[in-house]
Amino acid sequence: MSTQLAIALVRSRTIRRWLAAAAALALLTPVLVAACVTALLAEEQRSACGSGGETLGEPAAGGAIGAGLYAAPLTLAPGRAYLVGATEYGGPDDPSSGNYGSIPNPAEAYLPGHPDSFAELSVLDTNPANHGGFSFADANALAALPYLTKLRVSHDGHRALLAKRDIGYGQGPTQHIENGQPYRIDVWWQAARQLGIAKGPVRIALAPPGGAAGTLEQLPGETASASESPGECPTLPGASEIPLPLVPGASTRILPSGLAAAGAEAPAAVKAMVAAGNRLHTAAYLYGGGHGTSLDTLQPAYDCSSAVSYLLHSAGALGASALDSSELARYGAPGPGRYITIYANAAHTFIYVAGLRLDTVEAPAYDTGPNSGRPGPRWRISQSVPAWAAWTVRHPPGL
């Protein structure tokens with residue numbers, strides 16, 4: 001259902017009567033679940049994105065050095081962090097940059113689907129594009145890192161794991177930060193906004209091989225590399241390659257990319273639902289979308305009830321046909337579950353998966369997380385369980 005229809009329901013006399021009659025029930029809904037989500041976000045910034053133990057290295061100095069360069073390329077050493085210049089590019093304030101990176105793999109090139117992206121810039125003293133072209137080798141500020149090289153980027157108390165999917169010239173020899181460093185990376189705007197980057201210094205370090213990267217829909221017991229050790233920053237996966245990052249504990253945590261990481265101690269069914277929610281990350285909203293087709297096949301668009309059904313089906317808790325919101329209000333067992341809680345009425349439904357909500361309502365009043373304002377089934381953050389209507393609360397038996 002659309003956001004406009006959802007908000008219109010608040011003004012309905014019928015809904016107001018439902019709210020009055022069910023005020024006690026609304027007060028008893030597990031608001032603590034949403035409060036836990038907010039606490040987990042803070043904890044992710046404090047512990048999961050810590051210092052990582054890197055030693056701060058001294059980058060090559062800025063300033064004109066001749067030989068076609070205005071600063072020396074910086075070769076990153078493993079285990080060392082460097083203070084360099086970074087800028088933001090793309091998005092509504094920079095439409096001329098386009099939405100596609102220079103990486104030759106089409107599955108990786110669409111940057112809105114891979115917000116965990118950066119472009120390596122150039123320290124050439126002139127822009128080769130002015131004379132006919134700009135090549136991969138020209139983007140040499142970090143010694144021409146291979147595509148998909150991952151950097152840990154830290155700024156203002158925030159940290160993210162970003163992958164190289166693009167190249168760019170940069171700002172020229174007159175632009176540098178206070179320590180004389182040139183601008184060596186451009187951060188895709190979605191990640192830049194999460195990090196608070198506009199134009200200035202950031203701390204970067206090579207991510208360790210294997211690092212915190214999860215394996216595609218990795219479930220427990222398959223490989224040891226799937227889980228993430230405390231202090232590691234979660235992988236920010238893209239849309240065409242959706243791994244399942246794991247974090248300590250049993251709760252689901254949202255990542256700056258808008259995708260989610262599952263708790264390493266959560267049941268396999270919960271991890272399967274988190275992976276399914278990540279698969280919906282680029283799906284559009286369409287009333288009736290995802291109904292009348294098998295839930296075994298990913299569709300381009302879903303509505304609220306088919307999205308919830310898709311997650312339940314992924315965990316083996318529902319057959320291959322999507323339920324509507326009225327049917328979900330009668331699904332399973334009454335009350336909140338230990339891990340999974342469904343909120344439903346005749347007009348709308350959403351689901352909490354180990355503390356994190358997946359919902360199609362994108363209004364800022366109901367979502368202050370990285371997916372706010374993005375329509376479609378997404379992981380959402382709010383200060384409390386959305387209370388613009390009365391909900392029937394259900395859960396899958398055993399979960």
Side-chain angles (χ1 to χ4, degrees), residues 73-76 78 82 84-124 127-130 132-153 159-171 182-195 197 202 204-217 233-245 255-259 278-279 281-282 370 374:
L74 172 61
T75 300
L76 300 175
Y82 302 86
V84 303
T87 56
E88 171 191 345
Y89 79 113
D93 297 331
D94 183 21
S96 63
S97 69
N99 287 326
Y100 289 87
S102 58
I103 184 170
N105 181 352
E108 296 284 347
Y110 185 58
L111 300 182
H114 295 280
D116 56 322
S117 294
F118 74 91
E120 181 174 349
L121 296 176
S122 169
V123 288
L124 298 175
N127 187 350
N130 295 332
F134 187 86
S135 70
F136 176 89
D138 295 328
N140 60 352
L142 298 175
L145 293 173
Y147 283 124
L148 294 182
T149 297
K150 292 184 178 179
L151 297 181
R152 285 174 171 164
V153 181
R159 193 169 183 188
L161 193 65
L162 307 182
K164 177 180 173 178
R165 294 187 176 90
D166 207 355
I167 57 175
Y169 172 61
Q171 289 74 44
Y183 288 85
R184 296 187 184 271
I185 63 171
D186 239 350
V187 178
W188 181 247
W189 71 281
Q190 289 164 284
R193 300 287 171 88
Q194 293 299 317
L195 290 164
I197 294 172
V202 300
I204 66 171
L206 284 173
T215 303
L216 180 65
E217 300 204 10
C233 199
T235 297
L236 305 187
S240 67
E241 182 183 10
I242 307 273
L244 180 59
L255 302 176
S257 63
L259 297 172
N278 284 348
R279 288 198 298 272
H281 186 68
T282 57
R374 299 183 63 192

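The figures that follow rest on heavy atoms only: side chains count, while hydrogens, waters and symmetry mates do not. Predicted, not measured: the structure shown is a model, and the values here were computed from it.
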J.: So do L161 and R152 actually touch side chain to side chain, heavy atoms under 4.5 Å?
T.: yes
J.: Are any non-hydrogen side-chain atoms of T87 and V187 less than 4.5 angstrom apart?
T.: no
J.: What distance separates L142 CG from E120 CD, expressed to the nearest 0.5 Å?
T.: 4.5 Å
J.: Identify the two heavy atoms, one from S117 and one from R165, that lie closest to each other, and give their separation to 0.1 Å.
T.: OG-NH1, 2.9 Å
J.: Taking the six-membered ring of Y147, is the NZ or CZ of K164 close enough (under 6.0 Å from the centre) and on axis enough (within 45°)?
T.: yes
J.: Could you state the interatomic distance from CG (L162) to CD1 (I197), rounded to the nearest 0.5 Å?
T.: 7.5 Å
J.: Using the test side chain to side chain contact (heavy atoms under 4.5 Å, CB included), find all partners of A143 that sit at least two apart in sequence or belong to another chain.
T.: T75
J.: Could you check if a side-chain atom of P370 sits within less than 4.5 angstrom of a side-chain atom of P256, using non-hydrogen atoms only?
T.: no
J.: Mind checking the CD-OG spacing from E108 to S102? Nearest 0.5 Å is all I need.
T.: 12.0 Å
J.: Identify the heavy atoms of P146 and F136 that sit nearest to each other, and give their distance.
T.: CA-CZ, 4.1 Å
J.: About how many Å separate NE2 of H114 and CG of N105, when rounded to the nearest 0.5 Å?
T.: 8.0 Å
J.: For residues Q190 and P112, report the shortest heavy-atom separation together with the two atoms involved.
T.: OE1-CA, 3.5 Å
J.: Compare all side-chain heavy atoms of W189 with those of Y89 and state whether any distance is below 4.5 angstrom.
T.: no
J.: Less than 4.5 Å apart, side chain to side chain, heavy atoms only: is that true for F118 and L145?
T.: yes
J.: Report the C-alpha distance between L195 and V153 in whole Å, list the side-chain angles of each, state the deciding distance to 0.1 Å, and finish with yes or no for side-chain contact (heavy atoms from CB on, under 4.5 Å).
T.: CA-CA 8 Å; L195 290 164; V153 181; 4.1 Å; yes
J.: Report the C-alpha distance between L148 and I103 in whole Å, list the side-chain angles of each, state the deciding distance to 0.1 Å, and finish with yes or no for side-chain contact (heavy atoms from CB on, under 4.5 Å).
T.: CA-CA 8 Å; L148 294 182; I103 184 170; 3.8 Å; yes
J.: Calculate, to the nearest 0.5 Å, the distance between atoms CG and CG belonging to N140 and L74 respectively.
T.: 11.0 Å
J.: Shortest non-hydrogen contact from P104 to P106?
T.: O-CD, 3.1 Å
J.: When you measure from the side chain of H281 to the backbone of G113, do you find a donor-acceptor pair of N or O atoms at a distance under 3.5 Å?
T.: no
J.: Working to the nearest 0.5 Å, report the span between CD1 of I167 and OG of S135.
T.: 6.5 Å
J.: Please state whether the rings of Y110 and Y100 are parallel, tilted or perpendicular, taking 30° and 60° as the class boundaries.
T.: tilted
J.: Looking at every non-hydrogen atom in both residues, tell me the closest pair between P182 and V123 and how far apart they are.
T.: CG-CG1, 3.9 Å
J.: Kindly state each residue pair satisfying salt bridge (Lys or Arg N to Asp or Glu O under 4.0 Å) with at least one member in residues 138-148, sequence neighbours excluded.
T.: none
J.: Looking only at non-hydrogen atoms, find the nearest pair between S122 and F134 and report the distance.
T.: CB-CZ, 4.0 Å
J.: Is any side-chain heavy atom of L111 less than 4.5 Å from a side-chain heavy atom of N99?
T.: no
